[in-house]
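Okay, so here's the structure we're looking at.
Residue numbering restarts at 1 for every chain, and letters A, B, ... go by the order of the sequence lines. Because the structure is a prediction, the values reported are computed rather than measured.
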Protein chains: 2
Amino acid sequence: MKGKATSFDIAHHAGVSQSTVSRALRGSPLVNEETRRRVIEIARELNYKVDKNASNLRAQQSSTLAVLLFEDPTSDDSQINPFFLSMLGSITRACAKEGYDLLVSFQSSSNDWHADYAETHRADGIILLGYGDYIDYQSKFARLLDTDTKFVCWGASVDGRPELTVSCDNHLGGRLVAEHFIEQGRTNCAFIGDASHHSPEFSARFNGFEERLQESGKHVSERKVATAISTEESGYQATKSLLANDIPFNALFGASDLIAIGAIRALQEVGLRVPQDVSVVGFDDIAIARFCSPPLSTVQQNTTLAGQMLVANLLNLIAEQAVDLPNSILPPKLIVRQSSQ
Amino acid sequence: MKGKATSFDIAHHAGVSQSTVSRALRGSPLVNEETRRRVIEIARELNYKVDKNASNLRAQQSSTLAVLLFEDPTSDDSQINPFFLSMLGSITRACAKEGYDLLVSFQSSSNDWHADYAETHRADGIILLGYGDYIDYQSKFARLLDTDTKFVCWGASVDGRPELTVSCDNHLGGRLVAEHFIEQGRTNCAFIGDASHHSPEFSARFNGFEERLQESGKHVSERKVATAISTEESGYQATKSLLANDIPFNALFGASDLIAIGAIRALQEVGLRVPQDVSVVGFDDIAIARFCSPPLSTVQQNTTLAGQMLVANLLNLIAEQAVDLPNSILPPKLIVRQSSQ
DNA sequence: CTGAAAGCGCTTACAG
DNA sequence: CTGAAAGCGCTTACAG
């Protein structure tokens, strides 16, 4: 009878009805403690485990969340941004703590999302992760809202539904970087990333950065901004193109760590020293940042907290409870390492 | 009727029986093509999706695999070894390609594994990932075998069941590193890792390394071996303790990249230059290896292939088909970077 | 090729 | 506190 026992088997052995077995095992108060003990004991002996498919079907919920990790369309297929991998880790832990299983799926952001986890009852809700095109997303969000799918999103905000988003205070993060450069007297700044409205997170970082600079009477010249997606290679190429313009700068803000690391490679390649000639700061604080050369200054996002909040907010949404908006914006923290001092 | 349609609804609209709807949607040949087209069309209109809980329950299988990532008991809770994260990525892709969903769970290797994914029918099979204590694992493997759970394991072999393992040829990997050191005339070697039988992968790397050295009439003195688990900090500490012995060496093999990176930090801290004074090679080729300072030479494991094979072998196991053993050992590849030349 | 029916293994009103 | 019964939404023999 290896791994095959059903609640009827337990009921038979315990001399009670199958309903009672179910109640006892689910911790229902409607069951005598002595009976419960006996049922639990027998269930253990027979190595009985509740069949999740059956209980999910009956209870019309799956106790499972799904995380969709969508990748930049042009990014290297094999390399996932370590930042999101780290988020994935904290989401996994947060789910486990809440007694939920976690389904993981990678999606290329160019395709339609396989968002039918909810519709097929495989998951009660969905967590969306990824840097991508904001404009592109809104229609996909609309489809999710249309099918009444419960979801929360990291970073990109959903039109008119701020409670569906958890994000870092990217604007403040950008300000912190500018402040740091100002303190060092490095105000001839370049920015590598995407300052357009296609990348809400990157542009918020840029806007905060620019805002703080302007408060000091400085600003980032348009000619010192180059567009890049969040990969090392893209950061490298964008910086190369900037250097080709032959316009000097003494500080560079990369919209993500991967971009900043690529930028450092491009700078070093033409003989510029980091930080002596150009001070470089990234964003994310991925594990690599500590170990690259020179160690990278960056704006840290608290992924542990982020994962917990994504899960907590999603579970609230599923339970149809109000989600506490103000707490869903996490504070960034500047980490100064050698690349900027 | 948003997202609520059942197969009966489709049947009603299409003027056929519910059985026919099910057959049509599952691609059964027992259905007229014209009928099928109509059913599919109506299903799309009504945004009907098959309820996975119901179909799983009825068909007694879940089309889901679970991956258990167990972590070194002493490793930092927040940081998962990037190597396994990368494996996780390739497993996720491989699953998707096979039409399977993937559940992810982190387990601390000290605890009992929550291996009841199979018993509760949440997953058809389990993939085990992690560096850990081999001795400790055998009893856990025994329990899985006992409950007739389908599983495959990365790295650590299961007593008497070689077909359940996919791994890198760690012994050959160790040989490659020794060969590289010999070519450079760096044969006064140290090893940081765990050469005991508790860590089968690490000790295989060590044994291959030692074997090749001995073929050249050299060997690793016991006093130049220090034990470490796969974290940067542990590699750092182990190297410190080795340096404290004041026995010189001019080459160091770290059993994993994280260990090697910690070793480099320890070496540089006491003023030893890498690679001029000590040549360093790691194992895994995690993303960080390319970016650390100096860039780390290492033995690359093909995680994409590894993920595919783990999934393929597990699916074979589930289908009760013979698993092709010889192919389950992947070739390692030496990547030479600055840290060793 | 199609339909009526059984049944997967639970949860949960309903009735005591 | 307990039991008999209905039913979650499918898949799949069985009978045409």
Side-chain angles (χ1 to χ4, degrees), chain A residues 1-40 42-43 46-64 116-124, chain B residues 1-40 42-43 46-64 116-124:
Chain A
M1 171 163 323
K2 272 193 192 174
K4 294 266 170 202
T6 72
S7 53
F8 283 93
D9 297 321
I10 310 302
H12 182 250
H13 281 257
V16 296
S17 74
Q18 182 268 341
S19 330
T20 298
V21 171
S22 178
R23 287 194 195 97
L25 263 21
R26 312 195 77 240
S28 160
L30 297 173
V31 75
N32 181 286
E33 272 313 314
E34 171 52 26
T35 310
R36 185 196 310 276
R37 249 191 301 277
R38 194 149 34 95
V39 167
I40 290 176
I42 290 172
L46 269 52
N47 194 30
Y48 168 74
K49 297 282 161 52
V50 173
D51 184 309
K52 279 289 181 180
N53 290 132
S55 69
N56 288 346
L57 172 60
R58 184 49 236 248
Q60 292 293 73
Q61 47 115 19
S62 64
S63 295
T64 301
D116 59 5
Y117 284 103
E119 297 170 46
T120 57
H121 288 128
R122 283 178 294 176
D124 298 331
Chain B
M1 167 152 341
K2 271 194 194 177
K4 294 269 172 200
T6 72
S7 53
F8 283 94
D9 298 321
I10 311 301
H12 182 249
H13 283 256
V16 296
S17 75
Q18 182 266 340
S19 329
T20 298
V21 171
S22 178
R23 287 193 195 97
L25 262 22
R26 312 195 78 238
S28 161
L30 298 172
V31 74
N32 181 288
E33 272 313 315
E34 170 51 27
T35 311
R36 186 196 309 278
R37 250 191 300 278
R38 193 151 34 95
V39 167
I40 289 177
I42 290 171
L46 268 53
N47 194 31
Y48 169 73
K49 295 281 160 54
V50 174
D51 185 307
K52 280 288 180 181
N53 290 132
S55 68
N56 288 346
L57 172 60
R58 183 51 235 246
Q60 292 294 73
Q61 46 113 26
S62 64
S63 293
T64 301
D116 58 4
Y117 284 102
E119 297 170 46
T120 58
H121 290 135
R122 282 177 292 176
D124 298 331

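- Both B:Ser7 and A:Glu33 sit near DNA chain D, but only A:Glu33 has its closest nucleotide nearer the 5' end.
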Return all side-chain donor-acceptor pairs below 3.5 angstrom for residues 18-29 of chain B, not counting sequence neighbours, or 'none' if the list is empty.
residue : atom : partner : partner atom : Å
B:Gln18 : NE2  : B:Ser7  : OG           : 3.1
B:Thr20 : OG1  : B:Ser17 : OG           : 3.2
B:Ser28 : OG   : B:Leu30 : N            : 3.0

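- With sequence neighbours excluded, the residues satisfying side-chain hydrogen bond (donor to acceptor under 3.5 Å, both in side chains) with A:Glu33 are A:Arg36.
- Proximity of A:Arg122 to A:Asp116: side-chain heavy atoms (C-beta onward) are separated by under 4.5 Å at one or more points.
- Taking the 5' to 3' direction, DNA chain C first and last meets chain B under 4.0 angstrom from a heavy atom at C:dC1 to C:dG9.
- Here the closest heavy-atom approach between residue B:Ala54 and residue A:Leu57 is recorded as CB-CD1, 3.8 Å.
- Smallest separation of non-hydrogen atoms from B:His13 and B:Leu46: CD2-CD2, 3.9 Å.
- Residues passing the side-chain hydrogen bond (donor to acceptor under 3.5 Å, both in side chains) test with B:Asp124, sequence neighbours excluded: B:Ser62.
- Under the side chain to side chain contact (heavy atoms under 4.5 Å, CB included) test applied with A:Val16, the options A:Thr35, A:Ile42, A:Asn32 reduce to a single match, A:Thr35.
- Looking at every heavy atom in both residues, B:His121 comes nearest to A:Asn53 through O-OD1, 3.1 Å.
- Scanning for side-chain hydrogen bond (donor to acceptor under 3.5 Å, both in side chains) contacts around A:Arg38 gives an empty result, with sequence neighbours left out.
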- DNA chain C in dot-bracket form (Watson-Crick or G-U pairs under 3.5 Å, [ ] crossing, | inter-strand) is |||.||||||||.|||
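- Residue-to-nucleotide proximity on DNA chain C shows that, of A:Lys49 and B:Asn32, the 5′-proximal contact is made by B:Asn32.
- Contact check of residues 15-29 of chain A against DNA chain D (heavy atom, cut-off under 4.0 Å) returns A:Val16, A:Ser17, A:Ser19, A:Thr20, A:Arg23, A:Pro29.
- Within residues 53-62 of chain B, the residues approaching DNA chain C are B:Leu57, B:Arg58, B:Gln60, by heavy-atom distance under 4.0 Å.
- The shortest non-hydrogen separation linking B:Tyr48 to B:Thr6 is CE1-C, 3.5 Å.
- Nucleotides D:dT12 and D:dG16, compared at atom C1', are 16 Å apart to the nearest Å.
- Sorted by first and then second residue, the salt bridge (charged side-chain N to carboxylate O under 4.0 Å, His left out) pairs with a member in residues 49-62 of chain B read A:Glu119-B:Lys49; sequence neighbours excluded.
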